[in-house]
Number of protein chains: 2
Amino acid sequence: MFTIGKASEQSGVNVETIRYYEREGIVPKPGRSAGGRRLYSNDEIAKLRFVRRCRDLGFPIAIIQTFLSLTDQNDRSCGEVKTMAENHLDEINAKIENLMRLREALLSLSKNCDDGTAACPMLDALMKDGFGLGAP
Amino acid sequence: MFTIGKASEQSGVNVETIRYYEREGIVPKPGRSAGGRRLYSNDEIAKLRFVRRCRDLGFPIAIIQTFLSLTDQNDRSCGEVKTMAENHLDEINAKIENLMRLREALLSLSKNCDDGTAACPMLDALMKDGFGLGAP
DNA sequence: CTTGCTCCTGTAGTGGCTACAGGAAGTAGA
DNA sequence: TCTACTTCCTGTAGCCACTACAGGAGCAAG
């Protein structure tokens with residue numbers, strides 16, 4: 001059994017974040033030592049690591065909770081998981097496209113921007129009436 | 001002069017958001033009618049529009065405030081603007097790269113995921129010890 | 001005058017943490 | 001055993017950029 005500091009090291013989840021996950025019911029409450037300190041088993045640490053990896057993949061907490069309940073039930077809901085992963089992929093793709101459009105807009109705006117100009121053409125363009133951004 | 005609803009329509013900034021911007025000192029307080037309602041001039045609406053466009057480009061509020069103070073001073077700090085825009089571009093590029101790495105990771109994880117499987121290989125992989133994500 | 005719309009203020013909630021403050025428990029060395 | 005140091009505890013508040021109420025007031029059309 002490990003104290004929260006060790007659990008944090010092993011899972012890669014910040015100590016404060018672990019306590020936050022517990023408060024929010026995202027991971028189950030661990031046991032406590034005689035002195036009132038949290039004690040984590042390997043399984044509980046694995047769960048924390050799982051949450052961190054899902055977060056790293058950009059999954060929101062709500063989805064991760066579904067994942068956790070599926071693994072708890074040893075459910076055969078691989079299809080369900082796949083659907084959620086695919087939806088998430090769609091969101092990631094949408095974000096990438098958005099950012100790329102944004103990059104183009106910003107590039108073309110800042111292109112005319114040169115040191116020493118009296119009025120910044122970028123700020124000018126953004127202030128003007130007839131200006132429209134691609135599809136933000 | 002326009003009430004907040006019209007100002008919202010013309011600037012594309014949500015009514016609640018306009019009030020929020022005012023509270024936070026991001027845009028100056030407008031005048032008021034006899035009955036206490038906010039009244040916006042065309043210039044003030046242009047400022048709101050400017051903020052929205054900058055937000056659409058992903059600039060954080062703090063940067064936009066700098067932009068606004070530069071346009072207020074009619075400053076010739078185009079170089080400054082360009083630097084900030086370039087920093088922002090770097091951030092956008094970093095985000096895009098991150099998302100693309102993430103997409104690859106998610107794709108390779110969910111690839112083995114097929115309907116009807118007893119234990120989902122994706123969740124399995126995320127739960128296991130030896131697994132490492134690219135560079136999240 | 002009534003209906004219905006817009007507007008007002010103030011407060012609280014969102015997501016996913018992060019950062020304290022003020023104290024208790026545990027550990028290592030003298 | 002005493003002391004110094006570290007880790008842990010709870011509880012609360014802050015971050016960003018909004019968004020969503022509640023409960024009331026102003027205003028225009030019919």
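Throughout, protein chains are lettered first and strands after them, A, B, ... in sequence-line order, and every chain is numbered starting at 1.
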Exercise. Is Arg19(A) near enough to dC9(D) that one of its side-chain N or O atoms lies under 4.0 angstrom from OP1 or OP2?
Worked result: yes
For this session: Measure from CD1 on Ile18(B) to P on dC18(D) and round the result to the nearest Å.
Result: 12 Å
Exercise. Does the distance from a Lys or Arg side-chain N to an Asp or Glu carboxylate O, for Lys128(A) and Asp124(A), drop under 4.0 Å?
Worked result: no
Exercise. Touch check for Tyr21(A), heavy atoms < 4.0 angstrom, all strands: base, sugar-phosphate only, or nothing?
Worked result: sugar-phosphate
For this session: Report yes or no: does Ser8(A) contribute a side-chain atom to a donor-acceptor pair with the main-chain N or O of Val13(A) at less than 3.5 Å?
Result: yes
Problem set entry | Side-chain touch Arg101(B)/Asn98(B), heavy atoms, less than 4.5 angstrom | yes
For this session: Rounded off to whole Å, could you give me the CG-to-P distance for the Leu57(B) and dA17(D) pair?
Result: 14 Å
Exercise. Do the side-chain N or O atoms of Thr17(B) get closer than 4.0 angstrom to the phosphate oxygens (OP1, OP2) of dC18(D)?
Worked result: no
Exercise. Taking all non-hydrogen atoms of both residues, which atom of Ile18(B) and which atom of Tyr40(B) are closest, and how far apart?
Worked result: CG2-OH, 3.2 Å
Exercise. Atom CZ of Arg37(B) to atom C1' of dA28(D): distance rounded to whole Å?
Worked result: 10 Å
Problem set entry | Value in whole Å for how far the P atom of dT7(D) lies from CZ of Arg32(A) | 19 Å
Problem set entry | Distance in Å, Glu80(A) CD paired with Phe67(A) CZ, rounded so as to fall on 0.5 Å steps | 9.5 Å
Exercise. Is there a side-chain contact between Ser11(B) and Lys47(B), using heavy atoms and a 4.5 Å cut-off?
Worked result: no
Problem set entry | Euclidean distance, atom CD of residue Glu24(B) to atom P of dT19(D) [Å, nearest integer] | 14 Å
Seminar exercise, completed: In whole angstroms, the gap separating C1' of dA20(D) from CG of Asn14(B) amounts to 10 Å
Seminar exercise, completed: Sorted by position of nearest nucleotide on DNA chain D, 5' first, the leading residue of Ala62(B) and Ser33(B) is Ala62(B)
Problem set entry | Terminal contacting nucleotides, 5' and 3', DNA chain C versus chain B (heavy atom, 4.0 Å) | dT6(C) to dT9(C)
Exercise. NZ of Lys29(A) versus C1' of dC9(D): gap in Å, rounded?
Worked result: 13 Å
Exercise. To the side chain of Glu16(B), which of dT19(D), dC9(D), dC27(D) is closest?
Worked result: dT19(D)
Exercise. When the distance from CZ of Arg23(B) to P of dC18(D) is rounded to whole Å, what number comes out?
Worked result: 12 Å
Problem set entry | Nearest heavy atoms of Glu44(B) and Pro30(B), plus distance in Å | OE2-CA, 3.6 Å
Exercise. Pick the nucleotide of DNA chain C nearest each of Arg55(A) and Thr3(B); which residue has the one closer to the 5' end?
Worked result: Thr3(B)
